[in-house]
Amino acid sequence: MGRPASDSANDTETGSYAETVARAERVLPGGVLGRHVYPDGVEHIPVSGKGAWIVDHAGREFLDYSCGGGSLILGYSHPAVVRAVQAQAEQATQFVSIRNFPALHLAERVTELVGWVERVRFALSGAEAVMFALRLARAATGRDKIVKFEGAYHGNSDYALWGMAPRTAVPYPATAPDSAGIPGAIGELVLVAPYNDPEAAASIVNREWREIAAVIVEPVQRYYAAEPGFLETLRRVCDARGIVLIYDEVVTGFRHALGGAAELTGIEPDLSVFGKALGGGLPVSAVAGREAVMSHGDPKRGGPEDGYCYVTSSQAGNPLGCAAALATLNELSRPGVMQAFHRSAEELKAGLHDIVERRGATAAQVVGSGPLWDIVFADGPIRNHRAAVRADSARHRRFHLGLVEQGVMVRIGGRSYFSTAHREREVEFTLRAADAALRAAMR
Ligand SMILES: Cc1ncc(COP(=O)(O)O)c(C=O)c1O
């Protein structure tokens, strides 16, 4: 598991792995920072990263596909991001959230790249920006309900954690919360529809439109993409019913295309939410879109009776994050960078296809739209949540554990992200590891 790195980056921490876990459990719920845990047998605390590779507490090197949950689109410690952060840190790490030059430059860059966007408001996480987008939609329409798609993750807010990972299939548009502590009353305001089923979504909207503020959709949900006709229908019914169409582009933004999902599909939403890749590893997100909706965040409006919608925080437009984001977008905009990034990801997926065929793994399929990838174990196409949960999760887990065993760090059970630092050598390394991991998983 992992190769010894030339020198350990972990020279200030002492104690065994078990002792470190015990220390963590004394101060962190479950000994972890969030929801993900490493399964028994995987002992890993990342301590440094360079490009596509990370070094852990034991000095072992791994090829990494967790990519900071998809934030590290340029890989770890990209020189352009490091330079931008260092230069900005010398000037100031934070200002009051009124105006600053890094944030202004970044907003201009976002509007240049995503042509239909007229206004941008920054936040720190994808969840926060989604929450703002939904609030803006409610402010703009004077309605309270939202439509979301089963299986979609839109962050950790009370509005978003419905129908994300339902344990039992309830009839649409009803839903259940994904977390304790979420007021049941909010469930009355969240309508859940099946992904890639335009008729089902249209019928929910047409029935309840008088109360619907927004339809929020991921252009690529988990690893399955919106099929032709799906976004078109959502756009059409939203237009017909005065509903705000929101793309959650926290995953796809500046990853699948620099111009966002509208560049790929030709269908423009009213608002988009960006995060993850935008900050290049620093916490930056944005809600962006049409002036008519975004103007509800203009403080000149006064109070709620004037339609003023509260969309800010102390760290909104943090200059350090904005400097990193600007460097990231500039790097991605350099000629050939996006093309090489996508080409390498497609080479990896083609290689995985070959392995699946060679191994005769008929129930295994390579999935992932654009620079996302995984192998799942299911027959038939996967185009929505209910098809995805029918896949063999035990075998999937064995495949992921096999990858880790071979020195490829993935989030067990999660999807893998590609970065611009994953090139030919990394693709070859991954294919060798995947061959062994697939063999073990099929046993
Ligand atoms: C599609 C999507 N939206 C929103 C979020 C929430 O982003 P964050 O974790 O930055 O709050 C995520 C996170 O994985 C996501 O995948």
Side-chain angles (χ1 to χ4, degrees), residues 32-36 65-73 121-137 146-165 178-179 182 190 192 195-196 214-226 231 234 245-257 260-261 264 269 271-289 311 313 315-316 318 321-322 324-325 328 367-374 384-385 388 410-419:
V32 292
L33 298 172
R35 191 172 70 86
H36 293 287
Y65 282 100
S66 63
C67 291
S71 306
L72 295 164
I73 192 162
R121 179 66 52 86
F122 295 113
L124 294 182
S125 68
E128 196 190 8
V130 167
M131 180 186 73
F132 287 152
L134 296 174
R135 186 178 295 153
L136 282 162
I146 61 155
V147 175
K148 66 155 294 200
F149 294 92
E150 192 174 37
Y153 179 57
H154 296 296
N156 58 19
S157 76
D158 286 354
Y159 253 93
L161 283 175
W162 293 87
M164 187 254 299
D178 296 296
S179 165
I182 300 209
V190 180
V192 170
Y195 194 74
N196 270 330
V215 173
I216 183 164
V217 61
E218 288 183 80
V220 174
Q221 182 177 301
R222 306 288 162 148
Y223 45 76
Y224 34 93
L231 298 177
L234 299 182
L245 179 62
I246 303 171
Y247 284 175
D248 180 342
E249 301 208 54
V250 171
V251 168
T252 54
F254 310 110
R255 185 187 319 275
H256 286 68
L264 296 175
L271 296 179
S272 267
V273 177
F274 299 104
K276 292 194 190 269
L278 172 62
L282 273 85
V284 184
S285 64
V287 50
V311 184
S313 73
Q315 298 271 356
N318 170 272
C322 289
T328 303
V367 293
S369 151
L372 308 169
W373 68 272
D374 201 355
N384 60 32
H385 175 76
V410 294
R411 289 180 306 169
I412 310 298
R415 94 190 126 192
S416 287
Y417 290 95
F418 218 75
S419 83

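Remember, predicted model here, so these are calculated numbers, not experimental data. Each ligand, and each atom within it, is numbered from 1 in the order the structure gives.
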Give yes or no for whether the N/O distance cutoff of 3.5 Å, strictly under, is met between [X] and ligand 1.
| X | value |
| --- | --- |
| K276 | yes |
| G155 | no |
| V250 | no |

>> Checking side-chain polar atoms at under 3.5 Å, does E249 have a donor or acceptor matched by the opposite partner on T252?
In response: yes
> Among side-chain atoms of Y417 and R415, is any donor-acceptor pair under 3.5 angstrom?
Replying inline: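 A donor-acceptor contact under 3.5 Å links the two side chains.
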> For S419, what residues pass the side-chain contact (heavy atoms from CB on, under 4.5 Å) criterion, not counting sequence neighbours?
Replying inline: C67, A421, H422
>> If the condition is salt bridge (charged side-chain N to carboxylate O under 4.0 Å, His left out), which residues does E218 pass it with, not counting sequence neighbours?
In response: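 By the salt bridge (charged side-chain N to carboxylate O under 4.0 Å, His left out) rule, E218 matches no residue at all.
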>> I need the N384 CG to E150 CD distance, nearest 0.5 Å.
In response: 7.5 Å
So which protein heavy atom does [atom] come closest to, and at what separation?
| atom | value |
| --- | --- |
| atom 2 (C) of ligand 1 | Y153 O, 3.1 Å |
| atom 3 (N) of ligand 1 | D248 OD2, 2.6 Å |
| atom 8 (P) of ligand 1 | G126 N, 3.4 Å |

> Can you tell me if H256 uses its side chain to pair, donor with acceptor, with the backbone of S369 under 3.5 Å?
Replying inline: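 Yes, the answer is positive, given that a donor and an acceptor are paired below the 3.5 Å cut-off.
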> With no hydrogens and no angle check, is any side-chain donor or acceptor of R222 less than 3.5 Å from a backbone partner on A152?
Replying inline: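 Not confirmed, R222 side chain does not pair with A152 backbone.
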> Is it the side chain (CB and beyond), the backbone, both or neither of E128 that lies under 4.0 Å from ligand 1, heavy atoms counted?
Replying inline: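 Answer for E128: neither.
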> Is R415 touching ligand 1 with its side chain, its backbone, both, or neither, if touching means heavy atoms under 4.0 Å apart?
Replying inline: side chain
>> As an exercise, identify every atom of ligand 1 less than 4.0 angstrom from a heavy atom of A127.
In response: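 In order of number, 6 (C), 7 (O), 8 (P), 11 (O).
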>> With a 4.0 Å cut-off on heavy atoms, is R222 in contact with ligand 1?
In response: no
